**Student:** 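Right, I'll just put the structure down here and ask away after.
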Number of protein chains: 2
Amino acid sequence: MRLSNLADYAVVTMSAAARHCGGGRTSAAELAAETGLPVPTVQKVVSKLSAAGLLRSVRGAGGGLQLARPAAAITLADIVEAVEGPIALTACIDGDECAVDHTCSVKPHWPVVNAALRGALAGIPLTQLSKAAPREPNLTGISA
Amino acid sequence: MRLSNLADYAVVTMSAAARHCGGGRTSAAELAAETGLPVPTVQKVVSKLSAAGLLRSVRGAGGGLQLARPAAAITLADIVEAVEGPIALTACIDGDECAVDHTCSVKPHWPVVNAALRGALAGIPLTQLSKAAPREPNLTGISA
DNA sequence: GCAAATCGGAACGAAATGGTCTGATTTGAC
DNA sequence: GTCAAATCAGACCATTTCGTTCCGATTTGC
């Protein structure tokens with residue numbers, strides 16, 4: 001129910017990379033300095049992000065990273081899926097079988113929840129993450 | 001991003017317990033036989049559920065379990081929270097601090113996602129899980 | 001041709017989870 | 001009143017996944 005730290009780091013890293021998009025290429029070390037994350041951790045995150053096609057990496061001296069797509073075309077759902085795979089709360093969706101083959105009356109309901117979660121993540125583009133505050137009035141409104 | 005197996009088992013167990021609610025008390029062994037889960041696992045799940053106040057357990061010979069509330073008043077959100085704690089995708093909500101104290105522009109957006117996820121889980125009561133199929137037409141509609 | 005700088009993948013350690021087991025408690029029967 | 005059966009409750013151990021770190025492959029600039 002809680003996404004992994006790597007996914008969280010990936011979101012922060014992409015948010016930092018979005019600010020450097022206009023200025024051209026950046027590096028993993030620079031992103032680590034800005035976000036405060038350890039350099040090796042950022043490297044691992046960058047590897048997954050570039051493997052998923054969200055970042056374009058150029059090797060060699062003078063190389064660096066840059067967004068593969070415009071920041072407006074990248075959402076939270078893309079970043080989370082790049083690091084953690086498909087967005088699904090249960091494994092019985094892609095694997096098709098639970099541990100037991102009982103007539104699971106719960107299984108049909110998971111796609112509804114998954115779609116809701118994915119929709120919430122897909123509704124926040126990367127451009128919005130660069131802003132200071134969201135548009136919603138209640139920041140602590142978990143029970144809203 | 002994927003809930004733990006225990007939480008999944010808890011949902012299945014509660015769904016099975018809801019069917020026995022009318023007939024009075026049931027036992028962990030009986031629930032294990034119906035769901036196909038290992039008996040000790042069901043016992044562990046039952047312990048967490050009763051500690052959270054969702055199940056009422058009676059010890060001793062002839063004892064057993066029963067729902068503490070009507071099935072209509074128990075939702076997926078209650079079950080998940082009973083096993084996994086508060087529904088939050090990131091730890092920076094309750095802990096208030098990320099690993100680094102950078103001006104995190106991503107943090108303000110998480111409550112929005114958390115509320116959406118919690119709303120999706122709270123919208124499915126336990127009575128609906130006992131039914132064979134959901135009301136939604138597309139079972140595989142993850143991209144809906 | 002050499003050297004510096006960068007990304008990429010692999011290996012190690014740690015933490016959380018899942019599963020199992022044994023013990024404490026209570027009721028029912030004799 | 002005593003014994004025995006049945007049940008839940010908590011503690012222990014193995015496994016897996018996650019997180020971190022390190023080293024090698026590759027490319028450009030001088």
Side-chain angles (χ1 to χ4, degrees), chain A residues 1-13 17 20 24-33 35-68 80 82-85 89-91 95 98-100, chain B residues 1-13 17 20 24-33 35-66 68 80 82-85 89-91 98-100:
Chain A
M1 182 49 57
R2 193 158 299 182
L3 52 82
S4 62
N5 292 354
L6 268 298
D8 195 358
Y9 299 159
V11 175
V12 176
T13 301
H20 287 277
R25 288 184 289 269
T26 182
S27 65
E30 189 174 7
L31 292 176
T35 58
L37 299 171
V39 177
T41 299
V42 174
Q43 284 187 356
K44 190 175 186 62
V45 168
V46 164
S47 298
K48 283 179 175 285
L49 289 173
S50 54
L54 271 68
L55 280 179
R56 188 161 300 277
S57 64
V58 178
R59 283 165 68 150
L65 310 176
Q66 63 180 15
L67 294 177
V80 171
V83 176
E84 298 204 342
L89 266 64
T90 56
C98 308
V100 288
Chain B
M1 182 50 56
R2 192 158 300 182
L3 52 82
S4 62
N5 291 356
L6 267 299
D8 195 358
Y9 298 160
V11 174
V12 176
T13 301
H20 287 277
R25 288 183 289 269
T26 182
S27 65
E30 189 174 7
L31 292 177
T35 58
L37 299 171
V39 177
T41 299
V42 174
Q43 284 188 356
K44 192 176 186 62
V45 169
V46 164
S47 298
K48 283 179 174 285
L49 289 172
S50 55
L54 271 67
L55 280 178
R56 189 161 300 276
S57 64
V58 179
R59 284 166 66 152
L65 311 177
Q66 63 179 14
V80 171
V83 177
E84 298 204 340
L89 266 64
T90 56
C98 309
V100 289

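Order of the sequence lines fixes the chain letters, A, B, ..., with proteins taken first and strands second; residue numbering starts at 1 for each chain. Just so we're clear, the structure is a prediction, and the values are computed from it rather than from any experiment.
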**Student:** Exactly one of B:Val45, B:Val42, B:Leu31 should register a side-chain contact (heavy atoms from CB on, under 4.5 Å) with B:Leu37. Which one does?
**Tutor:** B:Val42
**Student:** Between C1' on D:dG19 and CG on A:Asp8, what's the gap in Å once rounded to a whole number?
**Tutor:** 13 Å
**Student:** When you measure from the side-chain N and O atoms of B:Tyr9 to the phosphate of C:dG18, is any distance below 4.0 Å, counting only OP1 and OP2?
**Tutor:** no
**Student:** Consider the side chain of A:Ala28, meaning its heavy atoms from C-beta on, and name the nucleotide among C:dG18, D:dG19, C:dC7 that approaches it most closely.
**Tutor:** C:dC7
**Student:** Whole angstrom is fine here: how far is it from CZ in A:Arg56 over to P in C:dC7?
**Tutor:** 15 Å
**Student:** Identify, between A:Pro38 and A:Val58, the residue whose nearest nucleotide on DNA chain D lies closer to the 5' end.
**Tutor:** A:Pro38
**Student:** For A:Pro40, give me all partners under side chain to side chain contact (heavy atoms under 4.5 Å, CB included), at least two apart in sequence or on another chain.
**Tutor:** A:Pro38
**Student:** Roughly how many Å is it from CG in B:Leu37 to C1' in C:dG19, rounded to a whole number?
**Tutor:** 12 Å
**Student:** Once you round it to whole Å, what is the distance between P of D:dT16 and CZ of B:Arg2?
**Tutor:** 18 Å
**Student:** Rounded off to whole Å, could you give me the CD-to-C1' distance for the B:Gln66 and D:dC8 pair?
**Tutor:** 15 Å
**Student:** For B:Val39, what residues pass the side chain to side chain contact (heavy atoms under 4.5 Å, CB included) criterion, not counting sequence neighbours?
**Tutor:** B:Ala32, B:Gln43
**Student:** Looking at every strand, decide which applies to A:Thr41 at a 4.0 Å heavy-atom threshold: base, sugar-phosphate, or nothing.
**Tutor:** base
**Student:** Of all heavy-atom pairs between B:Ala28 and B:Leu65, which one has the smallest distance, and what is that distance?
**Tutor:** N-CD1, 4.2 Å
**Student:** Among A:Thr26, A:Leu55, A:Leu49, whose side-chain contact (heavy atoms from CB on, under 4.5 Å) with A:Leu67 holds?
**Tutor:** A:Leu55
**Student:** How many Å lie between CD on B:Glu84 and C1' on C:dG18, as a whole number?
**Tutor:** 13 Å
**Student:** Please list, for nucleotides 9-11 of chain D, all pairs of protein and nucleotide N/O atoms separated by less than 3.5 Å.
**Tutor:**
residue, atom, partner, partner atom, Å
D:dA9, OP1, B:Ser57, OG, 2.7
D:dA9, OP2, B:Ser50, OG, 3.4

**Student:** Residues in side chain to side chain contact (heavy atoms under 4.5 Å, CB included) with B:Ala7, at least two apart?
**Tutor:** B:Leu3, B:Ser4, B:Val83, B:Glu84
**Student:** For A:Asn5 and D:dT17, what is the distance between atoms CG and P respectively, to the nearest whole Å?
**Tutor:** 17 Å
**Student:** List for me each residue that meets side chain to side chain contact (heavy atoms under 4.5 Å, CB included) alongside B:Ala52, sequence neighbours excluded, and say none if there are none.
**Tutor:** B:Leu54, B:Ala82
